[in-house]
Enquirer: 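There's a structure below that I have some questions on.
These numbers come from a predicted model, not from an experiment. Chain letters run A, B, ... following the sequence lines, proteins first and then strands; every chain starts at 1.
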2 protein chains.
Amino acid sequence: MSRLLNGTSYVSSDAREAIEKAIAKVGYVQNTAARNLVTRRSRAVGFVVHEPHELFLDDPNIGAILLGANEVVSEADFQLVVLVLDSERDSQRVADYLQGGFVDGAVLVSARQHDTIAGAVERLGLPAVFIGHPPGHPTIPYVGIDNRSAARSVTEELLRTGRRRVAMVASALDRDSGSDRLAGFRDALGDRFDPRLVVDHPLYSYASGLDGARELLRRDPAIDGIFAASDAVAAGVLEALRQAGRSVPGDVGVVGFDDSAWAVRCVPALSTVRQPARLMGRRAAEIVLGQIQGAEVEPGGALLDTEVVWRASA
Amino acid sequence: MSRLLNGTSYVSSDAREAIEKAIAKVGYVQNTAARNLVTRRSRAVGFVVHEPHELFLDDPNIGAILLGANEVVSEADFQLVVLVLDSERDSQRVADYLQGGFVDGAVLVSARQHDTIAGAVERLGLPAVFIGHPPGHPTIPYVGIDNRSAARSVTEELLRTGRRRVAMVASALDRDSGSDRLAGFRDALGDRFDPRLVVDHPLYSYASGLDGARELLRRDPAIDGIFAASDAVAAGVLEALRQAGRSVPGDVGVVGFDDSAWAVRCVPALSTVRQPARLMGRRAAEIVLGQIQGAEVEPGGALLDTEVVWRASA
DNA sequence: TTGTACGCGTTATCAG
DNA sequence: CTGATAACGCGTACAA
């Protein structure tokens, strides 16, 4: 029967018929656990997402990355299984899950430094790839974007429109994306960089933008440009400016980052940086599948191109 | 060793020490597939999401439901695994996955009629619960909200503010949520219901709202109230009204549905219906876990309470 | 083309 | 308290 189901050998047509009849009668289904046990593979790939509290709700990129990864994994006839980490307890359980042979590889999204999961994956030698680039795990490849140069580009664009006092609401400085965006902002400003015109909040969120912009206006009411570390943050900035009676882009130019669903729905529509999120998901999946099929792990990263999208907010 | 790891029996302390040393040395990890094979349980629960194209990106409810379910499942020390359906091909593979013993139960989100997954689950007798209420699967319990009476309430509220010509942009009429919201709208209007003042689009999306409101204005420029089938739709409606030069809530009152992240960020902020999404996720998980632990399946549904949230758009 | 052992890593049972 | 051993359901290699 194994031979019939897997097409691994020739089977006579009356034997086939008999088997198929029996299957239909009993409602037989293959037991995958048993199969995995003997084949030592699961034909599944994990997609591990950290800290969804705000992330899942606010960050549309993660959905697009997920969809991209799912496409590729699905085309290879593997099953993508998403694992969400919402507590320290989850961490341990997910690590066990990954180690237990449920998956042949994993895509790790928004991991942080000193990561339980990344550590376990590395120790086990499980095929894996990061989205983004948490430090401290040199053996695991990653796919991401060049946050620093993208941030620099969009800030330069803002300066080019004639803004003189440009500030930034930074976020998530404990992640590479956050600190790189700040670095790019600094690059663009060069000598004109003024640390007093930077505030930072831990989360890429609307609330961060709202608070951040208020604080910036308090520090320097003459600000005429703001770079927000993400579109969600930028949306908060816009609201703070509106409440403060500043017009956008008249009084203040605002740029965001991500080109998320928000960007076009803000009033005015946001100038921002487009991330190829879906493509990142695809690429990450390809890398993991490659490793599973025995390809050499090329350490280091694949950096995808971004694009500045200029709309009405600056 | 099994006894040590699972604490199933007493083990002498020197035996324990020897084992622990060996484990550390070899880097031993339990193989879950083998364990599942003999115990016939996986300590995992599936969370199946259909049609994420727009849904995952636009609908924040699904994220909140997911988080709620994850909390409960995690507290029971089970692993929640999310499976995304993006194509017909995915359907078959996910059905196989569910049948293959990878999970002990499943939460089915936004399933539709004649559903491959629901059919497979039902045939297999796998513990399961729907979020929402797709017709045709009487044996599977569900948790949801009373879309019809909630839609009625919010429409009535709109009428109470003095609106005379009230229209609706309906969505997803092939799902119970969509058709029930339309029914509730109709209930509220009673004799005044005019089918010409209803347009429908397949997806709960911004674009649906944009197109829908334009069409409505074409049909009757004197419209002074619009009920949008979701907040995303309402956001599109708002934009269409802005482009048409109508003020909100001055010329037209607008109400949405979901109380999603959008609602407070629209200008003006949206009056809408609050769904207890996180609680729905929790309740669904509780029901599935109950079944897994041998509780009787109570067919039928658990309907959670909604609340009309009145803001600035009407 | 088909039948038949064997082994995958674990748990559970039963004597010691 | 401990050691041995039979399943669990499947793929596979080898013999018929």
Side-chain angles (χ1 to χ4, degrees), chain A residues 1-44 46 76-79 92-93 95-105 120 123-127 292-294, chain B residues 1-44 77-79 92-93 95-105 120 123-127 292-294:
Chain A
M1 180 165 85
S2 170
R3 295 190 266 254
L4 166 59
L5 262 35
N6 300 309
T8 176
S9 177
Y10 293 111
V11 179
S12 69
S13 50
D14 40 341
R16 145 166 292 145
E17 202 177 325
I19 295 176
E20 279 168 352
K21 199 174 291 179
I23 287 180
K25 188 172 175 186
V26 190
Y28 169 85
V29 287
Q30 280 201 341
N31 180 316
T32 322
R35 166 197 290 234
N36 293 350
L37 184 57
V38 52
T39 59
R40 315 181 75 46
R41 349 157 87 264
S42 62
R43 295 196 75 81
D77 206 37
F78 276 61
Q79 177 63 47
Q92 191 51 52
R93 199 165 16 71
D96 289 348
Y97 189 90
L98 259 24
Q99 294 176 346
F102 277 99
V103 297
D104 296 334
R123 203 170 326 115
L124 199 68
L126 189 75
I292 291 174
Q293 282 147 19
Chain B
M1 180 162 89
S2 169
R3 294 190 267 253
L4 166 59
L5 263 34
N6 300 310
T8 176
S9 176
Y10 294 113
V11 179
S12 70
S13 51
D14 41 343
R16 146 167 290 146
E17 201 177 327
I19 294 176
E20 279 168 351
K21 200 176 289 179
I23 286 179
K25 191 172 174 187
V26 191
Y28 169 85
V29 287
Q30 282 200 340
N31 180 317
T32 322
R35 168 197 288 232
N36 293 349
L37 182 57
V38 51
T39 59
R40 314 182 75 50
R41 350 159 82 263
S42 61
R43 295 197 75 80
D77 205 38
F78 275 60
Q79 177 63 47
Q92 190 51 55
R93 200 168 12 72
D96 289 348
Y97 189 91
L98 258 26
Q99 295 177 339
F102 276 100
V103 298
D104 296 335
R123 202 169 327 115
L124 199 70
L126 189 75
I292 291 175
Q293 282 147 20

Enquirer: Would you say A:V29 and B:L124 make side-chain contact, with heavy atoms under 4.5 Å?
Expert: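 Counting from C-beta outward, A:V29 and B:L124 do come under 4.5 Å.
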
Enquirer: Counting heavy atoms from C-beta on, name the nucleotide in D:dG11, C:dG9, C:dT11 closest to the side chain of B:T39.
Expert: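 Ranking D:dG11, C:dG9, C:dT11 by closest atom to the B:T39 side chain puts C:dT11 first.
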
Enquirer: Would you classify A:N6 as touching base, sugar-phosphate or nothing, given that sugar-phosphate means primed atoms plus P, OP1 and OP2, and contacts are heavy atoms under 4.0 Å?
Expert: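 Answer is sugar-phosphate: A:N6 comes under 4.0 Å of backbone atoms only.
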
Enquirer: Would you mind reading off the distance between B:I19 atom CD1 and C:dT10 atom C1', rounded to a whole angstrom?
Expert: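 The distance from CD1 of B:I19 to C1' of C:dT10 comes to 14 Å, rounded to the nearest Å.
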
Enquirer: For the pair made of CZ in A:R3 and P in C:dT2, what is the distance, rounded to whole Å?
Expert: 8 Å

Enquirer: Could you tell me whether the side chain of A:S42 and the main chain of A:F102 form a donor-acceptor pair under 3.5 Å?
Expert: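 It does hold such a pair.
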
Enquirer: If only side-chain N and O atoms of A:R40 are considered, is one of them under 4.0 Å from the OP1 or OP2 phosphate oxygen of C:dC8?
Expert: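 False: A:R40 side-chain N/O out of range (4.0 Å or more) of C:dC8 OP1/OP2.
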
Enquirer: Out of D:dT2, C:dT2, D:dC10, which has the shortest distance to the side chain of A:A15?
Expert: C:dT2

Enquirer: Roughly how many Å is it from CZ in B:R43 to P in C:dT10, rounded to a whole number?
Expert: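 In whole Å, C:dT10 P lies 17 Å from B:R43 CZ.
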
Enquirer: Tell me what A:S12 touches on the nucleic acid: a base, only sugar-phosphate, or nothing, going by heavy atoms under 4.0 Å.
Expert: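 Since only primed, P, OP1 and OP2 atoms lie under 4.0 Å of A:S12, the category is sugar-phosphate.
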
Enquirer: Checking contacts here: which listed nucleotide (D:dG11, D:dC10, C:dG9) is nearest the side-chain heavy atoms of B:V38?
Expert: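 Given the options D:dG11, D:dC10, C:dG9, the side chain of B:V38 is closest to C:dG9.
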
Enquirer: Starting at CG of A:L4 and ending at P of D:dT12, how long is that distance when rounded to a whole Å?
Expert: 15 Å

Enquirer: Take A:N6 and A:Q30 through the test side chain to side chain contact (heavy atoms under 4.5 Å, CB included) and record every step on the way to the result.
Expert: CA-CA 11 Å; A:N6 300 309; A:Q30 280 201 341; 4.1 Å; yes

Enquirer: Which is more 5' along DNA chain D, the nucleotide nearest A:N31 or the one nearest B:D14? Just name the residue.
Expert: B:D14

Enquirer: Counting only N and O atoms by type, is there a donor-acceptor contact under 3.5 Å from the side chain of B:R43 to the main-chain atoms of B:Q79?
Expert: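 It does not hold such a pair.
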
Enquirer: Please state how far atom CG in A:L37 lies from atom P in D:dT12, giving the value in whole angstrom units.
Expert: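 From A:L37 CG to D:dT12 P: 13 Å.
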
Enquirer: Whole angstroms only, please: what is the CG-C1' distance between A:N36 and C:dG9?
Expert: 13 Å

Enquirer: Is there a side-chain contact between B:R123 and B:Q99, using heavy atoms and a 4.5 Å cut-off?
Expert: yes

Enquirer: Take the protein atom CZ of B:R16 and the nucleotide atom C1' of D:dC1, then report the distance between them rounded to whole Å.
Expert: 13 Å

Enquirer: Rounded to whole Å, please give me the gap between CZ in A:R41 and C1' in D:dC10.
Expert: 16 Å

Enquirer: Measure from the side-chain heavy atoms of A:S2 and tell me the nearest of C:dT11, D:dA13, D:dG11.
Expert: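 The listed nucleotide nearest to A:S2's side chain is D:dG11.
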
